[in-house]
**Student:** 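So that we are looking at the same thing, I have put the structure below in structure tokens.
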Amino acid sequence: KDIREGHMVLIEKGGDVIPKIIKPIISHRKKMKQETKRFVMPQLCPECGTSLSRQTGEAVWRCRNVACAAKLRRVLQHFASRSAMNIEGLGESLIDQLVECGAIDNIADIYSLKAPFLETLERMGKKSSVKLIEQIEQSKQNDFWRVLNGIGIRYVGERSAQLLVKSFRSIDALMAASPEELEAVPDIGPVVASSLYTFLKDPNNVTVI
């Protein structure tokens, strides 16, 4: 759409809520005194420098590095969110510190954190550290679907996680299922089934689980 920094744009409602940009206002562009540059999609991940890729038919560009710190931070944020494990106190700034100092390499490492260590981090006193550990312990009692939603499987959200758990009552049963068995779950299509099957067969993911 050739939208550039500083442009005035035409926006309309897409669906019920989400706005979408239709086009830049060309007449306004001509009135701007400063020159505008065309946007060029970066070729490398700004966090780790790995080449970016985009699947055919999708708009999203993704970093292919499984060890990318930026991806890890987002996975941890999702895992701790209300829609997943609901670990109050494990927010963005604390996650940044934990990843930066190497205390966490994956979501399983959350359950190895100790209060004395947390106290050494910025803005983490004794009271807040103990409270966070209590929240982490409490999260172990969560329903299975929250774990399934939280571990960050592409296309598997709250609803699909709940549907899958109705058919597969344990992680072992889910990991043993074939793509056909996964797709046989009501409202679970081939895209979700394929993504889930691939995720659960990855050795790194198996280790974390």
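These figures come from a predicted structure and were not determined experimentally. Sequential numbering from 1 along the given sequence is applied to the chain's residues.
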**Student:** I want to check something: taking the side chain as every heavy atom from C-beta on, are I188 and L196 in contact at a cut-off of under 4.5 Å?
**Tutor:**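 Side-chain contact under 4.5 Å: no.
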
**Student:** Decide yes or no for K37 and E5: does some side-chain heavy atom of the first lie under 4.5 Å from some side-chain heavy atom of the second?
**Tutor:**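 Heavy-atom side-chain distance check fails, nothing below 4.5 Å.
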
**Student:** I'd like to know whether NZ of K140 has more than 12 heavy-atom contacts from other residues, nucleotides or ligands below 6.0 angstrom.
**Tutor:**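 Result for NZ/K140: enclosed.
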
**Student:** What are the two closest heavy atoms between D202 and N204, and how far apart are they?
**Tutor:**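 Shortest heavy-atom contact: OD1-N, 2.9 Å.
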
**Student:** Taking all heavy atoms of S195 and all of Y155, pick out the closest pair and write down the distance.
**Tutor:**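 Taking S195 first and Y155 second, the nearest heavy atoms are CB-CD1, 3.7 Å.
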
**Student:** Within the supplied structure, the quantity of interest is the number of heavy atoms (other residues, nucleotides, ligands) at a distance under 6.0 Å from E100 CD; does it exceed 12?
**Tutor:**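 Atom CD in E100 is not crowded, with 12 or fewer foreign heavy atoms closer than 6.0 Å.
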
**Student:** Could you go step by step and tell me if Y111 and S139 meet the side-chain hydrogen bond (donor to acceptor under 3.5 Å, both in side chains) rule?
**Tutor:** CA-CA 10 Å; Y111 294 92; S139 75; 2.8 Å; yes

**Student:** After noting the C-alpha distance and the side-chain angles of E134 and K127, does the key distance pass the salt bridge (charged side-chain N to carboxylate O under 4.0 Å, His left out) rule?
**Tutor:** CA-CA 11 Å; E134 289 174 349; K127 186 176 180 180; over 6 Å; no

**Student:** Mind checking whether I107 and V75 have side chains closer than 4.5 Å, heavy atoms only?
**Tutor:**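 When only atoms from C-beta onward are counted, V75 and I107 do touch, with a gap below 4.5 Å.
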
**Student:** Would you call R54 and R62 a side-chain contact if the rule is heavy atoms closer than 4.5 Å?
**Tutor:**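 In short, these two side chains do not touch, never coming nearer than 4.5 Å.
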
**Student:** State the CG-CD1 distance between D109 and I104, to the nearest 0.5 angstrom.
**Tutor:**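 So the gap between those two atoms works out to 6.0 Å.
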
**Student:** Between E137 and K131, is there a side-chain N and carboxylate O pair less than 4.0 Å apart?
**Tutor:**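 Answer for the salt bridge query: no.
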
**Student:** So which atom in C63 and which in C48 form the shortest heavy-atom distance, rounded to 0.1 Å?
**Tutor:**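 The pair with the smallest heavy-atom distance is SG-SG, 3.6 Å.
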
**Student:** Would one find more than 12 heavy atoms of other residues, nucleotides or ligands at under 6.0 Å from atom CD1 of I18?
**Tutor:**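 For I18, atom CD1 is not crowded (no more than 12 foreign heavy atoms under 6.0 Å).
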
**Student:** Should S51 and R64 be marked as a side-chain contact (heavy atoms from CB on, under 4.5 Å) after you check the CA-CA gap, both sets of side-chain angles, and the distance that decides it?
**Tutor:** CA-CA 7 Å; S51 297; R64 293 180 288 188; 3.2 Å; yes

**Student:** Kindly list each side-chain donor-acceptor pair under 3.5 angstrom involving residues 112-125, sequence neighbours excluded, with atom names and distances?
**Tutor:**
| from | atom 1 | to | atom 2 | distance (Å) |
| --- | --- | --- | --- | --- |
| T120 | OG1 | F117 | O | 2.5 |

**Student:** Any side-chain to backbone donor/acceptor pair from N142 onto M85? Under 3.5 Å, distance only.
**Tutor:**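 Between the backbone of M85 and the side chain of N142 there is a qualifying donor-acceptor contact (under 3.5 Å).
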
**Student:** Hey, are the side chains of K23 and V9 touching, using non-hydrogen atoms and a 4.5 Å cut-off?
**Tutor:**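 Answer no - side chains too far apart.
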
**Student:** Quick one: do M175 and I209 satisfy side-chain contact (heavy atoms from CB on, under 4.5 Å)? Show the steps, please.
**Tutor:** CA-CA 10 Å; M175 293 174 75; I209 291 169; 4.1 Å; yes

**Student:** Answer yes or no: are there more than 12 heavy-atom neighbours, outside K201 itself, under 6.0 Å from its atom NZ?
**Tutor:**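 Result for NZ/K201: enclosed.
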
**Student:** Would you call R146-E158 a salt bridge at under 4.0 Å N-O?
**Tutor:**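 The answer is no: the pair does not qualify as a salt bridge.
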
**Student:** Would you say L98 and L90 make side-chain contact, with heavy atoms under 4.5 Å?
**Tutor:**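 Yes, at least one pair of side-chain atoms sits under 4.5 Å.
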
**Student:** Can you tell me how far the CD1 atom of I151 sits from the CZ atom of F79, to the nearest 0.5 Å?
**Tutor:**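 Reported to 0.5 Å precision, the distance equals 8.5 Å.
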
**Student:** Please examine the side chains of L132 and L94, heavy atoms only from C-beta on, and report whether any two atoms are closer than 4.5 Å.
**Tutor:**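 In contact.
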
**Student:** Kindly work out whether a path of hydrophobic side-chain contacts (I/L/V/M/F/W/Y, heavy atoms less than 4.5 Å apart) joins I87 to V208.
**Tutor:**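 They do share one cluster, since a chain of ILVMFWY contacts under 4.5 Å joins I87 to V208.
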
**Student:** So among L148, D187, N149, which one has a side chain to side chain contact (heavy atoms under 4.5 Å, CB included) with L164?
**Tutor:**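 Result: among L148, D187, N149, L148 is the only option passing the side chain to side chain contact (heavy atoms under 4.5 Å, CB included) with L164.
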
**Student:** With the 4.5 Å side-chain cut-off for hydrophobic clustering, are I21 and L10 part of the same group?
**Tutor:**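 I21 and L10: separate clusters.
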
**Student:** Under the side-chain contact (heavy atoms from CB on, under 4.5 Å) rule, what do Q55 and V60 come out as? Steps first, then yes or no, please.
**Tutor:** CA-CA 8 Å; Q55 290 188 348; V60 177; over 6 Å; no

**Student:** At what distance, to the nearest 0.5 angstrom, does CD of Q97 lie from SG of C101?
**Tutor:**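 Taking CD in Q97 and SG in C101, the distance rounds to 7.5 Å.
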
**Student:** Any donor and acceptor pair, going by atom type alone, linking the side chain of N106 with main-chain N or O of A108 inside 3.5 Å?
**Tutor:**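 Between the backbone of A108 and the side chain of N106 there is a qualifying donor-acceptor contact (under 3.5 Å).
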
**Student:** Inspect the surroundings of CZ in R74 and state if more than 12 heavy atoms from other residues, nucleotides or ligands are less than 6.0 Å away.
**Tutor:**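 Not buried by this count: 12 neighbours or fewer within 6.0 Å.
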
**Student:** Which heavy-atom pair separates P19 from I11 by the least distance, and what is that distance?
**Tutor:**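 Nearest heavy atoms, P19 then I11: CB-CG2, 3.7 Å.
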
**Student:** Shortest non-hydrogen contact from G49 to L44?
**Tutor:**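 Between these two residues, the closest heavy atoms are O-CD2, 3.5 Å.
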
**Student:** Could you tell me if the side chain of F168 sits less than 4.5 Å from the side chain of V185, heavy atoms only?
**Tutor:**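 Yes; the side chains approach each other to less than 4.5 Å.
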
**Student:** For the atom pair CG (N86) and OG (S81), what is the distance rounded to the nearest 0.5 Å?
**Tutor:**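 The OG atom of S81 is 8.0 Å from CG of N86, to the nearest 0.5 Å.
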
**Student:** Which heavy atom of E88 sits nearest to which heavy atom of Q135, and what is that distance?
**Tutor:**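 For E88 and Q135, the tightest heavy-atom pair comes out as N-OE1, 3.1 Å.
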
**Student:** side-chain contact (heavy atoms from CB on, under 4.5 Å) for F39 and I3? Distances and angles first, verdict last.
**Tutor:** CA-CA 8 Å; F39 174 77; I3 297 168; over 6 Å; no

**Student:** Taking atom CD of Q43 and atom OG of S53, what is their separation to the nearest 0.5 Å?
**Tutor:**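 Q43 CD to S53 OG: 11.0 Å, rounded to 0.5 Å.
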
**Student:** What distance do M41 atom CE and W61 atom CH2 have between them, rounded to the nearest 0.5 Å?
**Tutor:**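 Spacing of CE (M41) from CH2 (W61) equals 6.5 Å.
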
